[in-house]
Structure formats: structure tokens, C-alpha cells
Amino acid sequence: MAEKPTFEFHLVATDGRARAGLLRTPHGEVLTPVFMPVGTQGTVKALSPRDLERLGATIVLSNTYHLYLRPGDERIARLGGLHRFMAWPHPILTDSGGYQVFSLAQRRVVDDDGVTFRSHIDGSPHRFTPEKVIAIQENLGADIITCLDECAPPLDYDYNVQALERTHAWAVRCKLARTRTDQALFGIVQGGVFPDLRERSARFLTDLGFDGYAIGGLSVGETKGEMHAVLDLLDGLLPADRPRYLMGVGTPEDLVECVARGVDMFDCVLPTRMGRNGGALTRTGRLNLRNARFADDPAPLEEDCTCYTCTHFSRAYLRHLVLAKEILGHHLLTLHNVHLMLTIARELREAVLQDRFEEYRAAFWERRKGGEG
Ligand SMILES: [Zn+2]
């Protein structure tokens, strides 16, 4: 019998600090840089798996915290695992639930062993430990799973020192707690905006050794300059032969500027959330379809976009759907937004492979300057 394919990462090409890579997982290959649409509850809101396949999505993210609370990870395991449950036979990454516990759950009490919290759905009490979140993620069965971490406010040094100690101790326990060998485990680098803490975190986790490294605790209140400084620092500390995943960051401009700083993987709710709020991302800026100036606008969201939305519908029609609160409006805007993110990630990869990353980056910002957004 052939051995189960395990996780691999190959750095295919670099251009400056920008990287093009190839991830191999048990459920297929992922070319990087990659944008991962977010499927919080086991569904990318307003899109079907068929839509995602047609858009060229290769990997989606799902949330441990949400699926553990509802419908329950054990139930999903009994039903054949998350891939089968959500009918997405391609790669999946699950976060550890740390971020949700620290941002969403109620009456949260953290101690060195774990974190006790109440569900945001029904107030019921729960406890996450490193061992528990690994067990949940093994039940879900994603291709890439992540360590439990404590997310501290990015600008609070003392809190970050404390949280980092826990995050590191929990990373050791997560690594030991694994029983499956067909899932990649990513460590999560924390440390807020503080170079000494980020460096300590990167060194600790890379000494421990993970299949890949997630960068947490960014895009949560710090400036872009502070975020870029952290990425500049980590680029020199994280091993070149492992994937780097920037958690929760993903606008078109973030993709370009963070790929320029050596990041390979992104996820963000923005493209899907904006789609449900009547917003469109474009290469020249953001459009709010509620704006009256679109009422008689026969143009597509973006002239040269090849997505289904832009090749069939006008801004005027999309605005009408948004104002009438029609479900199709959510779907069509989300479709366009996710298409744009996936397209930009593919273009960034091509630019790296063809050694013209800086040319692409300059053209991206030039077009943006002339934009209407
Ligand atoms: Zn489009």
C-alpha cells in the first residue's frame, strides 16, 4: 500500500525577499503566495465549494472554536471529518481557537494550564488546554493545524511578556499532544510590536521545530509600519524552508506588501465580510455600493475583472440588490472580492517566478494612486 502523502514545503523561487513556494498536503497541492478564504463555521459565507473551486481557491481556513461549540468536533469526526462534512475535498487549515477565545468568548479566565471561558452562543462553560485544541483539530482533520496561543494586545509590553511565556509552554505541549501523523502543525509567533519579544518567540519556536510558522497578533490595532517592521525582523529569523502564514491579514495592499517581506500564506474575513455589507474590493480602492453615485452606473465593479459578477452585472444592479437586501447581492459581491484576492495572489507568484516582483509592486501602487476608492 502506498504511504499516505505527508506534508512538504518547497521554496520554488525567490525575487528579493518575495517567495514562490509549493505546499504538499494529503488533500492536494497549494501554490504560494496563497490567499485562504475564511470558512468560519465550515462554510465560506455566501459561496459554495463549487464556487470556490471555480474561483481557483486551493485551501480554506476554518475555525476550531466555532466548530467545537457548534456542531461539535466529535460529531464532525463521526460524520467523516471536516473535508467530507463541508464537501471540500481540498486542503483545509484550522486555527487553534486561541484568537476567538481571546476576542469573542465571555468571562474568560486564563491560567498557565489553559483558558476557561463561556460560549458566546449560549453562555455554557468550556475549557481549552493545548491538549484539548489538538484533540479537537485531530477530530476535524484539517491538513494544517495550529498551536493554542494567547493573543495579547499588541502594544502592551508586560502583558506580551506574560502571554509569550504561556504561548511557548503551550507550543511544547501541543507538539507532544499530537497522535496523528498526517497533519502539519504550525507554531504561532507572538510578541506584539516588540522586536525583542518577536525575536525571542521566533527563536524559541524554530528551535522546537514546526512544519510551518504562523505570525499572530498583527493587524489588531498596530500601524502598518509597526506590522511591516515585525515582518522585516521575522524574515531574517524564520527558516527559509518552512511556510510563513500571516494570520488574519489580507487586503490587496497587505498581500503585496507582506509578500514583499517574505510571507507565503494569508487569510482574512474582509473580502467575505465586505461582500455581505455591500462593499467591493478593487485594485483602485474600495467601493460602497450603497453610495448614490452608483444608482445609474452601467459599469461593472472593475472594468478588466474576469469574474462572473463583473462579466454579467452592473454596479447599478448590484447596488439595487444591496439596498433590497437580496441574498444574490451578498453572493455576487463576495464572489468578486474573493476572485480578486485569489487573482492577486496568483499574480504575485507569477511575478516572483518571472523575477519582476518589484515591477509588479510598483505597477500595483501606481494604479492605486489613480484610483477612485
Ligand atoms: Zn469581478
Side-chain angles (χ1 to χ4, degrees), residues 30-31 33-39 43-61 88 90 249-259 266-351 360-361 363-373:
V30 176
L31 302 178
V34 67
F35 177 76
M36 302 183 283
V38 178
T43 165
V44 176
K45 292 186 197 302
L47 298 180
S48 70
R50 184 176 57 186
D51 295 326
L52 290 167
E53 284 171 353
R54 286 178 180 170
L55 289 169
T58 51
I59 178 169
V60 300
L61 174 144
W88 174 257
H90 312 294
V249 176
T251 62
E253 53 276 23
D254 283 332
L255 249 65
V256 173
E257 287 309 307
C258 299
V259 166
F266 300 86
D267 82 282
C268 190
V269 296
L270 182 84
T272 39
R273 183 173 289 165
M274 269 186 73
R276 300 192 307 284
N277 290 324
L281 293 165
T282 76
R283 290 173 193 266
T284 50
R286 298 178 188 185
L287 306 180
N288 179 355
L289 275 298
R290 294 178 191 281
N291 194 314
R293 72 189 164 105
F294 299 123
D296 293 292
D297 191 341
L301 290 173
E302 197 156 37
E303 281 299 343
D304 53 359
C305 181
T306 59
C307 85
Y308 174 70
T309 304
C310 290
T311 52
H312 291 79
F313 306 97
S314 65
R315 291 170 171 185
Y317 180 65
L318 294 167
R319 170 180 154 79
H320 160 67
L321 293 180
V322 168
L323 293 186
K325 299 188 171 66
E326 283 293 333
I327 291 171
L328 184 62
H330 298 172
H331 170 68
L332 292 175
L333 288 173
T334 304
L335 199 71
H336 165 82
N337 289 346
V338 172
H339 171 87
L340 179 65
M341 299 307 301
L342 295 171
T343 302
I344 289 175
R346 274 195 297 269
E347 289 172 353
L348 286 164
R349 178 181 170 85
E350 284 305 305
Y360 180 90
R361 186 183 185 185
F364 175 89
W365 285 108
E366 193 55 40
R367 184 164 172 182
R368 200 148 182 101
K369 259 195 320 207
E372 57 184 312

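Predicted model only: the values in this text are computed from it and were never measured. Counting starts at 1 for both ligands and their atoms, following the listed order.
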Looking at L270 and R286, what are the two nearest heavy atoms and their distance?
CD2-NH2, 3.7 Å
Looking at the Zn ion (ligand 1), is one of the N, O or S atoms of C307 less than 2.8 Å from it?
yes
Could R50 and E53 be called an ion pair, given the rule that one side-chain N must be under 4.0 Å from one carboxylate O?
no
If you stand at the Zn ion (ligand 1) and look out to SG of C310 and SG of C305, what angle do those two lines make, to 10°?
110°
Could you tell me whether the side chain of W365 reaches within less than 4.5 Å of the side chain of E257, counting heavy atoms only?
yes
Check H336 and report its N/O/S atom nearest to the Zn ion (ligand 1), by atom name.
ND1
N337 and T334: side chain to side chain donor-acceptor pair (under 3.5 Å), yes or no, with the steps?
CA-CA 5 Å; N337 289 346; T334 304; 5.9 Å; no
